[in-house]
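Fair warning: this is a prediction, and the values are worked out from it, not measured in the lab. Numbered from 1 within each chain, the chains take letters A, B, ... in sequence-line order.
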Number of protein chains: 2
Amino acid sequence: MPKVGMEPLRRKALIEAAIAAIGARGSLDVTMSEIAGIAGVSSALAHHYFGAKDDLLEATMRHLLSELGRDGCAALRAAPQPRARVSAMVAVSFSPTQFRPETVAAWLAFYVEAQRSPAMRRLLRVYARRLHSNLMSGLRPLMPALRAERVAEGIAALIDGLYIRRALKDGPPDPRSAVALVEDYVETMLATEARTS
Amino acid sequence: MPKVGMEPLRRKALIEAAIAAIGARGSLDVTMSEIAGIAGVSSALAHHYFGAKDDLLEATMRHLLSELGRDGCAALRAAPQPRARVSAMVAVSFSPTQFRPETVAAWLAFYVEAQRSPAMRRLLRVYARRLHSNLMSGLRPLMPALRAERVAEGIAALIDGLYIRRALKDGPPDPRSAVALVEDYVETMLATEARTS
DNA sequence: TATTTTTAATTGACTGGTCAATCAATAAAA
DNA sequence: TTTTATTGATTGACCAGTCAATTAAAAATA
């Protein structure tokens with residue numbers, strides 16, 4: 001039984017606590033004590049492991065981002081055909097692990113923070129670029145490059161739009177109708193493409 | 001020359017200052033002193049006219065909302081034909097008065113706030129409902145009701161998505177490409193509709 | 001008209017509370 | 001004995017909201 005240092009455990013617990021706190025409050029306006037409390041430690045310990053609050057928040061964002069990245073890669077590996085790759089990316093965006101109220105609230109809050117913090121903006125751009133290139137890997141074989149770019153932009157905007165609009169509703173999210181809306185977009189664009197080329 | 005009380009003037013100045021401050025900070029995390037400073041008065045005066053900070057923020061949101069409403073009504077009055085009504089709503093969303101960095105930042109911040117504050121959520125829902133019914137007034141004559149609902153949802157999600165993605169970019173917004181993307185969506189949906197009915 | 005009185009506009013100074021960040025101290029492992 | 005883990009207490013800054021005091025305008029009165 002390999003005894004291991006506390007550091008990684010605490011870091012993980014604190015990051016998850018941060019997501020929970022942000023999800024509950026619905027914004028980044030959470031205190032270190034709150035987060036630490038959820039993680040079951042003192043606020044001093046949170047500072048010990050993360051330094052400043054912003055660092056913890058940035059680490060939290062990174063965590064969300066890498067989780068999404070991991071899910072995305074896995075989904076793509078299981079989808080070799082172009083059309084399926086597009087659907088895979090859409091499905092991941094609204095999968096139960098991503099499209100939860102806490103996660104949605106956190107993403108939203110980070111988008112707002114991105115306006116102030118260049119670091120956050122950079123991170124969000126990484127997400128946007130990755131989504132874009134993943135979508136392109138599915139769309140390029142199906143239509144002219146310029147058109148594919150346009151459709152990828154549309155899909156991305158639709159996804160983000162459905163995320164933000166989710167903030168207006170209460171009750172559990174409805175991933176099925178969200179996916180249906182985006183899939184309908186993709187399908188219609190493909191049909192039009194087939195007809196005009 | 002009718003001498004008028006200061007109240008309406010100050011209220012307006014403070015609301016505009018609030019938008020400016022929120023736009024500059026990129027979030028609702030602004031102080032009363034900051035806002036009052038921009039308006040050229042003391043923070044005590046801001047409290048005098050608005051009571052609590054939340055009241056000023058809510059008034060600011062209402063102002064944004066009514067401005068958008070006014071622009072929307074004007075645009076609709078000038079567009080009697082169904083197809084034009086849809087374009088009018090899209091155009092208004094990205095018109096120079098709406099699609100400015102400060103305004104976009106403010107809308108975004110209010111979406112986040114809506115997760116916490118039921119009052120804000122109610123206001124945003126008013127906006128969503130109004131946009132939806134305006135879009136429907138244009139779409140209903142052009143396609144079956146169920147389909148129209150779906151397309152209206154898509155347009156709304158696209159608009160909000162393009163707003164939020166605007167937060168990632170720096171430099172002035174590019175309304176033209178945003179409008180083009182949404183119009184392309186509308187056009188494609190209409191074409192598909194015409195073909196399959 | 002000149003004067004007093006009332007009302008509106010405005011602020012500086014203050015208060016109480018909150019919170020990030022620090023640090024010295026303690027406990028536990030290695 | 002050195003390193004790691006952990007906290008309670010504290011500090012310093014910031015900020016929303018209050019209030020008493022001041023000035024300026026309007027209204028009322030002589």
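Going from atom CZ of B:Phe50 over to atom CG of B:Asp55 covers 9.0 Å, rounded to the nearest 0.5 Å.
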**Message:** I'd like to know whether B:Arg150 forms a side chain to side chain contact (heavy atoms under 4.5 Å, CB included) with A:Leu181, so could you lay out the CA-CA distance, the side-chain angles of the two residues, the decisive distance to 0.1 Å, and finally the verdict.
**Reply:** CA-CA 7 Å; B:Arg150 184 45 73 97; A:Leu181 191 73; 2.9 Å; yes
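Applying the 4.0 Å criterion to OP1 and OP2 of C:dT10, one finds that B:Arg10 has a side-chain N or O inside that range.
Nucleic acid contact for B:Tyr49: sugar-phosphate only, since backbone atoms but no base atoms lie under 4.0 Å from a heavy atom of the residue.
The side chain of A:Ala52 sits closest to C:dA21 out of D:dT18, C:dA21, D:dA5.
Between A:Tyr111 and A:Tyr163, the distance separating the two ring centers is not shorter than 6.0 angstrom. Aromatic pair A:Trp107/A:Phe99: ring centres not closer than 6.0 Å.
Distance B:Phe50 CZ to D:dG17 P: 13 Å, rounded to the nearest Å. Rounded to an integer number of Å, the gap from CG of B:Asp55 to C1' of D:dG17 is 12 Å. Summarising the geometry, the separation between NZ on A:Lys53 and C1' on C:dA21 is reported as 12 Å, rounded to the nearest angstrom. Spacing between atom CD of B:Glu7 and atom P of C:dT10 amounts to 10 Å, rounded to whole angstrom units.
If you check the side chains of B:Ser117 and B:Asp54, you find no donor sitting under 3.5 Å from an acceptor.
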Atom pairs under 3.5 Å: protein N/O with N/O of nucleotides 7-11 of chain D:
| unit_1 | atom_1 | unit_2 | atom_2 | d |
| --- | --- | --- | --- | --- |
| D:dT7 | OP2 | A:Ser42 | N | 3.0 |
| D:dT7 | OP2 | A:Ser42 | OG | 3.2 |

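Taking a 6.0 Å sphere around CZ of B:Arg125, one finds it holds more than 12 heavy atoms contributed by other residues, nucleotides or ligands.
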